[in-house]
Amino acid sequence: MVRKIMQSSIKFDVSHRSGKARRGILETPHGKINSPFFMTVGTIAAVKGLTPQMLRECGCEIVLANTYHLSLRPGEELVNRFGGLSKFMGWNGPTLTDSGGYQVYSLVDINKITDDGVSFSSHIDGSKIFISPERSVHIQQNLGADMFMAFDECPAGDSSHEVVAESIERTFRWAVRSKEAWTNREKQALFGIVQGGVYEDLRKKSAEQIVSLDFPGNAIGGVSVGEEPAKIDRVVEYTAALLPDDKPRYLMGVGRPQDIIRAIGHGVDMFDCVMPTRHARHAEVFTRKGKIKIRNLKYRDDHAPIEEDCDCYVCKNLTRGYLRHLFIAKEMLGPIYAAMHNIRFYMKMLEDAREAIEEDRYEEFSSKFLADIEGSSV
RNA sequence: GGGGAGAUUCCCGAGUGGCCAAAGGGGACAGACUGUAAAUCUGUUGACAUCGUCUUCGAAGGUUCAAAUCCUUCUCUCCCCA
């Protein structure tokens, strides 16, 4: 079951399956990535608090960055002059850029959407900027990531059927325009994004539209944007099944470890989320038995590592009590250590998932993982 | 020895008769965060507790319907002159 994606700079080979979960290799111009995988978010060409060396030690194989932010500062032309995103940030490995579509949602208070594109007031200096599908592709081609995303509209999770129905049409028109603007096909792979909110009929329609454009990869967008958490799993399961089997499936922005483990079981290959790094900065660290708020008083005299059997540097060398002290004292090492642990937690989770798929015991692995992490709070 | 300023709820600090359990910071405690406007944001922070009641503004008295605020004495702190 190894097929090459035609006319694409990336190659996706699935080597093992366990139920709907698949384990494979995604080959990019900057190197191979074991799938399913999690992309650490480095919005402004930096994963907050972690050096590329640390990322490698944590097991990261790919980093994500953002079109909107980098176009504002330092500007995509400048990144291009430094040899592109991967080289600019000293990562020298695979990268993916998001189109700015998510900022249509997250910066909703400072933008104005028309069919032509989105006008933003820069969050840095308030100046007016405009991102259209063509502009987004132009920026992303300058940034030069191995994979990049079509510019989409991401409506809030509680949007009505009527609003989302209109929105997926715009996302489709923008996907068509993104594809037309995509010229650097031998070096960069463009992914389409399926929207449709929590409505199955709209997910189906959007999937048909996006799949018809035959992108090298397909993404599920508009998940975890304020909708009821219980609906996430159903939407992902339903939508993933509508995407081509021979191309990577990317669930954007999700998320919690349990959501990722479930989504892998539905055949999703790629993930990203700010959660491990942001939560790290906010003193929340992940364990197989749930998150812990390391700043809490109960860890003051706790001499144990965050997680006994974790193989990360922090768990092998430092205690919960010390980490709590760093956060209470507002020392920058606190967020750094917490990020090292959280990223390693995610990477190890994915490593274990891949191994389980290889050994065709994903269902068993998944059940145990979910029972542990959702069973009791630490 | 003489003159002056001041003592406020964990800390700093506002408040000069009722709208004061007492502004604003800080600290502490807790919560939120999902394709990062986020090392950010929110809540609580006298005690019981359902409105509400009780105790609190250095100490003790006093004036007043009512005092953190006015008067008397005392204790302590700081500044200036000898």
Side-chain angles (χ1 to χ4, degrees), chain A residues 38-50 62-70 72-73 95-111 120-126 129 136 140 145 147-154 156-157 171 191-195 217 219-229 232-233 236 250-260 263 268 270-284 286 291-300 324 326-339 342 346 377:
Chain A
F38 179 86
M39 300 179 274
T40 48
V41 178
T43 304
I44 59 166
V47 176
K48 297 182 193 304
L50 300 180
I62 175 169
V63 171
L64 178 149
N66 189 278
T67 294
Y68 166 80
H69 301 261
L70 288 173
L72 285 182
R73 193 167 56 189
T95 52
L96 179 147
T97 48
D98 183 32
S99 61
Y102 183 73
Q103 278 61 47
V104 174
Y105 159 72
S106 67
L107 303 180
V108 65
D109 293 338
I110 58 170
N111 75 41
F120 292 93
S121 292
S122 159
H123 72 275
I124 298 169
D125 63 4
I129 61 161
S136 177
Q140 294 189 82
M147 292 166 280
F148 69 110
M149 308 305 296
F151 190 61
D152 64 328
E153 183 183 29
C154 182
T171 286
F191 280 44
I193 303 174
V194 175
Q195 289 287 344
I220 302 168
V223 176
S224 286
V225 284
E227 74 278 28
E228 261 179 69
I232 292 175
D233 189 55
V236 172
Y250 168 21
L251 175 57
M252 306 187 75
V254 175
R256 296 144 71 212
Q258 52 267 52
D259 294 328
I260 291 173
V268 176
M270 303 167 56
F271 302 89
D272 78 279
C273 190
V274 303
M275 205 170 274
T277 42
R278 179 181 290 169
H279 278 198
R281 270 173 276 126
H282 301 163
E284 202 156 354
F286 290 87
K291 290 176 294 186
I292 68 177
K293 296 179 188 297
I294 201 66
R295 209 180 39 209
N296 287 10
L297 181 61
K298 59 183 168 184
Y299 301 114
R300 185 173 60 173
R324 176 184 135 86
L326 294 179
F327 275 103
I328 293 295
K330 295 181 169 61
E331 161 57 43
M332 68 166 99
L333 270 177
I336 291 173
Y337 283 142
N342 281 352
Y346 269 68
S377 56

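So you know, we letter chains A, B, ... as the sequences are listed, proteins then strands, and number each from 1.
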Considering only atom P, compute the distance from B:C71 to B:U40 and round it to an integer number of Å. 47 Å
Looking at A:Asn111 and A:Val104, would you say the former's side chain and the latter's main chain have a donor-acceptor pair under 3.5 Å? yes
Indicate the ring-plane relationship of A:Tyr346 and A:Phe38, choosing parallel, tilted or perpendicular according to the 30° and 60° boundaries. tilted
Under a 3.5 Å limit on both distances, the Watson-Crick or wobble mate of B:A22 is none
Under the side-chain contact (heavy atoms from CB on, under 4.5 Å) rule, collect the residues that match up with A:Arg300, sequence neighbours excluded. A:Leu297, A:Arg324
When both hydrogen-bonding distances must be under 3.5 Å and the geometry is Watson-Crick or G-U wobble, what is B:C51 paired with, if anything? none
Across all strands shown, which nucleotide pairs with B:C41 by Watson-Crick or G-U wobble geometry, both distances under 3.5 Å? B:G31
Report yes if the side chains of A:Tyr102 and A:Val225 come closer than 4.5 Å at any heavy-atom pair, otherwise no. yes
Give one of base, sugar-phosphate or nothing for A:Leu96, where a contact means two heavy atoms less than 4.0 Å apart. nothing
If we take the C1' atom in both B:C70 and B:U63, what is their distance in whole Å? 8 Å
Taking a pair as Watson-Crick or G-U wobble with both distances under 3.5 Å, which nucleotide is matched to B:G1? B:C81
When rounded to the nearest Å, what value does the distance between C1' atoms of B:A7 and B:U56 take? 15 Å
Indicate, with a heavy-atom threshold strictly under 4.0 Å, whether A:Gln103 touches base, sugar-phosphate, or nothing. sugar-phosphate
Touch class at under 4.0 angstrom, heavy-atom based, for A:Lys330 against every strand present: sugar-phosphate
Starting from the 5' end of RNA chain B, give me the residue, A:Pro335 or A:Gly253, whose nearest nucleotide shows up first. A:Gly253
Touch class at under 4.0 angstrom, heavy-atom based, for A:Ser122 against every strand present: nothing
Between A:Thr95 (side chain) and A:Val63 (backbone), is there a donor-acceptor pair under 3.5 Å? no
B:U42 versus B:G46 - spacing of their C1' atoms, nearest Å: 23 Å
Would you classify A:Gln195 as touching base, sugar-phosphate or nothing, given that sugar-phosphate means primed atoms plus P, OP1 and OP2, and contacts are heavy atoms under 4.0 Å? base
Scan every strand shown for a Watson-Crick or G-U wobble partner of B:C76, both distances under 3.5 Å, and answer none if you come up empty. B:G6
Hunt down the Watson-Crick or G-U wobble partner of B:G17, both distances under 3.5 Å, from any strand shown, or write none. none
Considering only atom C1', compute the distance from B:A32 to B:C11 and round it to an integer number of Å. 28 Å
Once you apply a heavy-atom cut-off of 4.0 Å, does A:Leu297 come out as touching a base, just sugar-phosphate, or nothing? sugar-phosphate
Check the surroundings of atom CD1 in A:Ile44: do more than 12 heavy atoms from other residues, nucleotides or ligands lie under 6.0 Å from it? no
side-chain contact (heavy atoms from CB on, under 4.5 Å) assessment of A:Met39 paired with A:Met270: CA-CA 7 Å; A:Met39 300 179 274; A:Met270 303 167 56; 3.9 Å; yes
Check the pair A:Leu251 / A:Val223 against side-chain contact (heavy atoms from CB on, under 4.5 Å), numbers first and verdict last. CA-CA 8 Å; A:Leu251 175 57; A:Val223 176; 4.0 Å; yes
Heavy atoms under 4.0 Å, any strand shown: does A:His69 hit a base, just sugar-phosphate, or nothing? sugar-phosphate
When we call it a touch if two heavy atoms are under 4.0 Å apart, what does A:Leu251 touch: a base, just sugar-phosphate, or nothing? nothing
Hydrogens and angles aside, do A:Tyr68 and A:Asp98 bring a side-chain donor and acceptor to less than 3.5 Å of each other? no
Checking N1-N3 plus N6-O4 or O6-N4 for Watson-Crick, or N1-O2 and O6-N3 for wobble, each under 3.5 Å, the partner of B:A67 is none
Could you tell me whether A:Gly222 contacts a base, only the sugar-phosphate backbone, or nothing, with contacts defined as non-hydrogen atoms closer than 4.0 Å? base
Using the C1' atom as the reference point in each nucleotide, state the distance between B:G58 and B:C76 in Å, no decimals. 8 Å
Pick base, sugar-phosphate or nothing for A:Asn66, based on heavy-atom distances below 4.0 Å to the nucleic acid. sugar-phosphate
Taking the C1' atom of each, how far is B:U45 from B:G26, in whole Å? 13 Å
Taking 5' to 3' order, which nucleotide of RNA chain B is first and which is last to have an atom within less than 4.0 Å of a heavy atom in chain A? B:G27 to B:U40
Span that lies between the C1' atom of B:G13 and that of B:A22, in whole angstrom: 12 Å
